[in-house]
Amino acid sequence: MSKQNMMHALPVEAYTSKDWFDLEMKHLFSTTWQFAGLVEDVANPGDFISVQAGLNNIFIVKGRDNRLRAFHNMCRHRGTQLLRAVGKGKKAITCPYHDWTYDLEGKLISLPKQEQEFPELKKPLHECGLNLHEASVDIFKGMLFVHPEKDAPSIMEFFGEVEPYLGPHIVEELVEFSENEEEPFYAKEINANWKIIVENYIDHYHLAHLHEGTLNMYDHANAEFGWKGPHYWFYEPLVDDYMADLKNAAPYPLIDSVPEDKIGAYVPWLFPNIGITEGESTWSTFHAIPLAPDRTLIVIRSKTMNVSEWEYTKQYTKSAMSKVWQHYGNKGKYDGDSETDPMSSGDFMAEDIFACEQQQKSLSSPKFSVGAQAQRGEYAVQRFQEEVKKWMVAHGANI
């Protein structure tokens, strides 16, 4: 493979080809722990959520014994998906097609006209070998993860090495919030391969350039980052001006589980497709969901301190009056129409989306090649590609 056809460690086809996309679905996303939601999403018996994990649609349900269980979301009769994305208070799980019914432990408990139509199936039904296929579910840092295999490797075996490098935030003590009351979380479809988005997320080199007016409240020059297993960790402190006036300037109430000497931006990437942004006043998940070789759905869920609306209002007022924001954040890279030009918007997410989509557009050009790699600021990009390739080969991909 010539250099002109490579994105460091992966071929350009890994970002454009349906064949590559299909290989990733089978050998990467179907063989790893996949983010499904937050623990509070399945708070009570009968509550459930479902998630796509590679080739598998899996749901998590809380049983009457308050135990979380995960199952493949398909009826054992004809394979119809049983449950929609999210729901509350289920007493049992009934297939919408033929009314085959399972209890919350995944056992088949009834089916219509059993004696007439299925005389070979003897009672009790749960001993007929037609219970739901089990998957695995576990909790890490207040997040729910699923694995398609019933006997999956331990989640701590997968994430354990990187845990000491994550923020000290106690996620379970925080509450979810959204600035848009009509939408509980941010969701945006981006016209770029999911790996382009990951590589942008872990690219230290671009922070002081693409985001020179939007993320300049963080001290990029003193960032620390590295790898533990296939997972990337990252920390950078606040600039002195912001830190000195933090109690006033922070946009939301400060998270009290973060000691003052630990305040900063913790921005790890958990392999393969979930980022976490852990800051001084917010904690967020950044879930990159591959839709196609050139399309990715980004879902961001954010949490803050569990305090009164009045405390939020007071902090917002103090932040708006802080002189810090006269010099840091919210300034576009270029002068222009902030409503129509992402590079003039003063929104770092808009800047990132623009950069990712512009890069994706160039991949089909016969002139495309990677010219050079920043030794420190971009080394994580190549390392991530190597981790993707290594994992897929280890799990049967011929690439």
Side-chain angles (χ1 to χ4, degrees), residues 38 40 142 167-188 207-208 210-220 222 235-267 275-286 298-353:
L38 304 175
E40 55 266 36
H169 306 63
I170 303 176
V171 180
E172 295 84 351
E173 294 180 354
L174 306 177
V175 293
E176 192 165 11
F177 87 103
S178 173
E179 294 181 350
N180 185 342
E181 293 183 359
E182 297 181 359
E183 298 180 4
F185 46 80
Y186 175 95
K188 174 76 173 178
L207 294 175
L210 180 63
H211 304 309
E212 62 184 57
T214 49
L215 292 180
N216 57 347
M217 70 288 286
Y218 298 106
D219 186 357
H220 307 313
N222 287 303
Y235 168 81
E236 61 182 358
L238 310 183
V239 297
D240 291 343
D241 290 348
Y242 184 26
M243 188 66 190
D245 194 38
L246 185 61
K247 291 183 179 179
N248 293 314
Y252 304 103
L254 294 176
I255 294 175
D256 60 12
S257 60
V258 182
E260 186 171 335
D261 64 342
K262 300 291 186 182
I263 288 175
Y266 299 81
V267 195
I276 312 174
T277 303
E278 308 173 288
E280 61 278 6
S281 58
T282 61
W283 181 97
S284 302
T285 58
F286 184 100
I298 295 299
V299 177
I300 299 174
R301 299 180 66 176
S302 299
K303 303 183 82 170
T304 58
M305 281 290 292
N306 187 8
V307 296
S308 68
E309 190 71 28
W310 172 237
E311 291 297 325
Y312 277 97
T313 301
K314 285 196 301 182
Q315 187 61 43
Y316 178 83
T317 302
K318 289 193 295 182
S319 179
M321 296 174 64
S322 172
K323 293 183 179 179
V324 165
W325 304 119
Q326 295 177 11
H327 307 286
Y328 298 95
N330 305 317
K331 185 180 186 301
K333 185 175 177 69
Y334 304 134
D335 293 331
D337 185 348
S338 61
E339 297 296 322
T340 60
D341 181 2
M343 299 302 289
S344 304
S345 66
D347 179 346
F348 78 90
M349 275 291 296
E351 294 170 341
D352 277 333
I353 291 170

TODO: Might you work through the salt bridge (Lys or Arg N to Asp or Glu O under 4.0 Å) test for Glu176 and Arg301, ending with a clear yes or no?
DONE: CA-CA 7 Å; Glu176 192 165 11; Arg301 299 180 66 176; 2.8 Å; yes

TODO: Nearest 0.5 Å please: distance from the NZ atom of Lys331 over to the CG atom of Asp347.
DONE: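 So the gap between those two atoms works out to 15.0 Å.
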
For [Y], does its backbone N or O pair with a side-chain atom of [X] as donor and acceptor, under 3.5 Å?
X: Asn216; Y: Gly329; answer: yes
X: Trp283; Y: Thr277; answer: no
X: Ser319; Y: Ala249; answer: yes
X: Lys303; Y: Val171; answer: yes
X: Thr317; Y: Thr313; answer: yes

Would [X] and [Y] count as having a side-chain donor-acceptor pair, cut-off 3.5 Å?
X: Asp341; Y: Tyr334; value: no
X: Glu280; Y: Tyr242; value: yes
X: Asp352; Y: His211; value: yes
X: Asn248; Y: Ser322; value: no

Open item on the list: The test is side-chain contact (heavy atoms from CB on, under 4.5 Å); show your working for Thr214 and Lys333 and say whether it passes.
Closed with: CA-CA 8 Å; Thr214 49; Lys333 185 175 177 69; over 6 Å; no

Open item on the list: For a ring-ring contact (aromatic ring centres under 6.0 Å, His included) check, start with the C-alpha distance between Phe177 and Tyr312, then their side-chain angles and the critical distance, and finish with the verdict.
Closed with: CA-CA 11 Å; Phe177 87 103; Tyr312 277 97; 7.1 Å; no

TODO: Give me the ring orientation class for Tyr266 and Tyr235: parallel if the planes are under 30° apart, tilted from 30 to 60°, perpendicular past 60°.
DONE: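 Geometry flag for Tyr235 against Tyr266: tilted rings.
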
Task: Considering all heavy atoms, the nearest Pro168-Lys262 contact - done: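 Minimum heavy-atom contact is CG-CB, 4.1 Å.
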
Open item on the list: Is it true that, when you exclude Asp337 itself, more than 12 heavy atoms of the residues, nucleotides or ligands shown sit nearer than 6.0 Å to its CG?
Closed with: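 Yes.
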
